[in-house]
Amino acid sequence: MTRTADGPGRPAVPLPGTHFYILSKAPSAAGGVLAIAAADGRVIVAAYQADDDRQLWTRRALSDGSYALINKAADLCIGAYPPQNGTPLMLYPLDQIETGPFTHWRDDQVPGDYNAINASVDWEQKINIPTDGPYPPGQGLVTWQWSHGAPNELWAQVSADRFSYKLVSLAFDTAKARIDPLAPIAGNDIGVLNNESVQANLPIFTVQRLTTAYGFHPVAGSSDIEIPYHGPRPALDENGLVVLVEGDWQYGASAQSFVDTPFQIIVAVPPKTAVAYGAREACAQLTLSYTATFNRVSPDGGSETIEVGGSFTAMCPYRIYAELENSSPIG
């Protein structure tokens, strides 16, 4: 898919490199959908039209955490110099992206399907359709200070070629979870040496990377959805019991998560002996059903709520232990 979601209630945004439309929450004077478009070096709103390259944009992620907005037809990027009340948005050469912070933009924090786009150098300045409307196609855009979520400063960034999705809710039937033990996974080798003439209790230590492979498998005929999300994911605690872990995960058929886990125990080492242990990961296959609710947005800005049910599976390493591999006298 071409959009990501920060979590329930947050606007979805396109991934870098994919084409999308930027649709205004404010309607045109005729009641139609307005889209940001390139026009002879300027940036305007035009009546939304599918497959119009002047209305298609990509995001280029930048090192400061912002992004550039690049027009497909013009191969130029949006900038405002300097961003202040009434500064017109213009199109600039791409070689000014890294050297010109006035071409850097950020997603704001507005809940819902529409968000503000603010200037990286002044977060108070947002992309704005000037005046109170109604707004005719061809109206030039400016930056303007925040107006508390007025329609003329809110935008939906909508995939150009497919439906896009935003996760609304996600529930798991943990009471009916199935846990099938798997063979332990061999991990790091750990060695310790006792040079003394008496037995010694010595620590062994390692940091083991636990890798969980998981996936969401919707029932046949459901929408093909792959998006990052913030929320719960089923896992196993150190006792092998089902828990829900909050975090940033991936909704889709196949994903992985990694946790670097310190492990230390005290072992009794005979005198004048070297011992070698191997870290082992207790592991199980976790299977349970889930229900997800999404807001599905079409390229023309229309949206509907859909519910997807299916099976969640995960190969879960959940506990580290040490296993003696070798013991050898020394000296």
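No hydrogens, no waters, no symmetry mates; every other heavy atom, side chains included, goes into these values. Start at 1 with the first residue, then count along the sequence.
- Annotation for Asn152 and Trp155: closest pair O-CZ2, 4.0 Å, computed over non-hydrogen atoms.
- Salt-bridge check for Arg280 with Glu323: passed, with a basic side-chain N closer than 4.0 Å to an acidic carboxylate O.
- Salt bridge present: Arg296 and Glu304 bring a charged side-chain N and a carboxylate O closer than 4.0 Å.
- Criterion: ILVMFWY side-chain heavy atoms under 4.5 Å apart, direct or through other members. Under it, Val242 and Leu244 are part of a common hydrophobic cluster.
- Under the 4.5 Å side-chain heavy-atom criterion for grouping Ile, Leu, Val, Met, Phe, Trp and Tyr, Val121 is not connected to Trp105 through any hydrophobic cluster.
- Using a 4.5 Å heavy-atom cutoff, the side chains of Val168 and Thr305 are not in contact.
- The distance from atom CG of Leu286 to atom OG1 of Thr212, rounded to the nearest 0.5 Å, is 9.5 Å.
- Heavy atoms from other residues, nucleotides or ligands lying under 6.0 Å from CD of Gln264 number more than 12.
- For Asn201, the CG atom counts as densely surrounded, since its 6.0 Å shell holds more than 12 non-hydrogen atoms of other residues, nucleotides or ligands.
- Placement of Phe172 and Leu236 within a single hydrophobic cluster is found when ILVMFWY residues are connected by side-chain heavy-atom separations under 4.5 Å, directly or transitively.
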Pair Arg60-Cys77, side-chain contact (heavy atoms from CB on, under 4.5 Å): steps then yes or no: CA-CA 10 Å; Arg60 179 182 296 179; Cys77 64; over 6 Å; no
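- Note: Phe102 and Tyr92 meet the aromatic proximity criterion, with ring centroids under 6.0 Å apart.
- Between Asp248 and His230, the shortest heavy-atom distance links the atoms OD1-ND1, 2.8 Å.
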The test is side chain to side chain donor-acceptor pair (under 3.5 Å); show your working for Asn115 and Asp107 and say whether it passes. CA-CA 7 Å; Asn115 202 358; Asp107 297 312; 4.7 Å; no
Just do the side-chain contact (heavy atoms from CB on, under 4.5 Å) check on Glu98 and Leu62 with the steps written out, would you? CA-CA 8 Å; Glu98 292 297 339; Leu62 303 175; 3.5 Å; yes
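- Summarising the local packing, CG of Asp180 is surrounded by more than 12 heavy atoms from other residues, nucleotides or ligands at distances under 6.0 Å.
- Side chains of Thr58 and Lys72 form no contact here, defined as non-hydrogen atoms less than 4.5 Å apart.
- Note on ring orientation: taking the six-membered ring where Trp is involved, the planes of Tyr229 and Phe216 are perpendicular (angle over 60°, cut-offs 30° and 60°).
- From Trp57, atom CH2 reaches atom CD of Gln157 across 11.0 Å, with rounding to the nearest 0.5 Å.
- Val110 and Tyr114 fall within a single hydrophobic cluster, where Ile, Leu, Val, Met, Phe, Trp and Tyr are joined by side-chain heavy atoms under 4.5 Å apart, directly or via other members.
- Remark: Lys126 NZ to Asn118 CG distance equals 4.5 Å, nearest 0.5 Å.
- Of the candidates Leu91, Thr103, Leu94, Leu94 is the only one forming a side chain to side chain contact (heavy atoms under 4.5 Å, CB included) with Ile70.
- Counting all heavy atoms, side chain and backbone alike, Ile44 lies closest to Gly138 at CG2-O, 3.8 Å.
- Under the 4.5 Å side-chain heavy-atom criterion for Ile, Leu, Val, Met, Phe, Trp and Tyr, Tyr290 and Leu167 are members of the same hydrophobic cluster.
- Here the side chains of Glu281 and Arg319 are not in contact, with every heavy-atom distance at 4.5 Å or above.
- Residues Leu76 and Pro93 approach most closely at CD2-CA, 3.8 Å, considering heavy atoms.
- Looking at Ile78, Ile36, Asn128, Thr87 one by one, the single match for side chain to side chain contact (heavy atoms under 4.5 Å, CB included) with Leu141 turns out to be Ile36.
- The neighbour count for Phe263 CZ, taken as heavy atoms of other residues, nucleotides or ligands under 6.0 Å away, is above 12.
- Heavy-atom neighbours of Arg54 CZ from other residues, nucleotides or ligands within 6.0 Å: at or below the threshold of 12.
- Atom CD of Glu238 sits in a sparse spot, with 12 or fewer heavy atoms from other residues, nucleotides or ligands closer than 6.0 Å.
- Pairing each heavy atom of Phe294 with each of Ile227, the nearest pair is CE2-CD1, 3.9 Å.
- Considering every non-hydrogen atom in both Gln199 and Pro271, the closest pair reads N-CD, 3.7 Å.
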Check step by step if side-chain contact (heavy atoms from CB on, under 4.5 Å) holds for Asp122 and Gln84. CA-CA 8 Å; Asp122 184 351; Gln84 59 189 22; over 6 Å; no
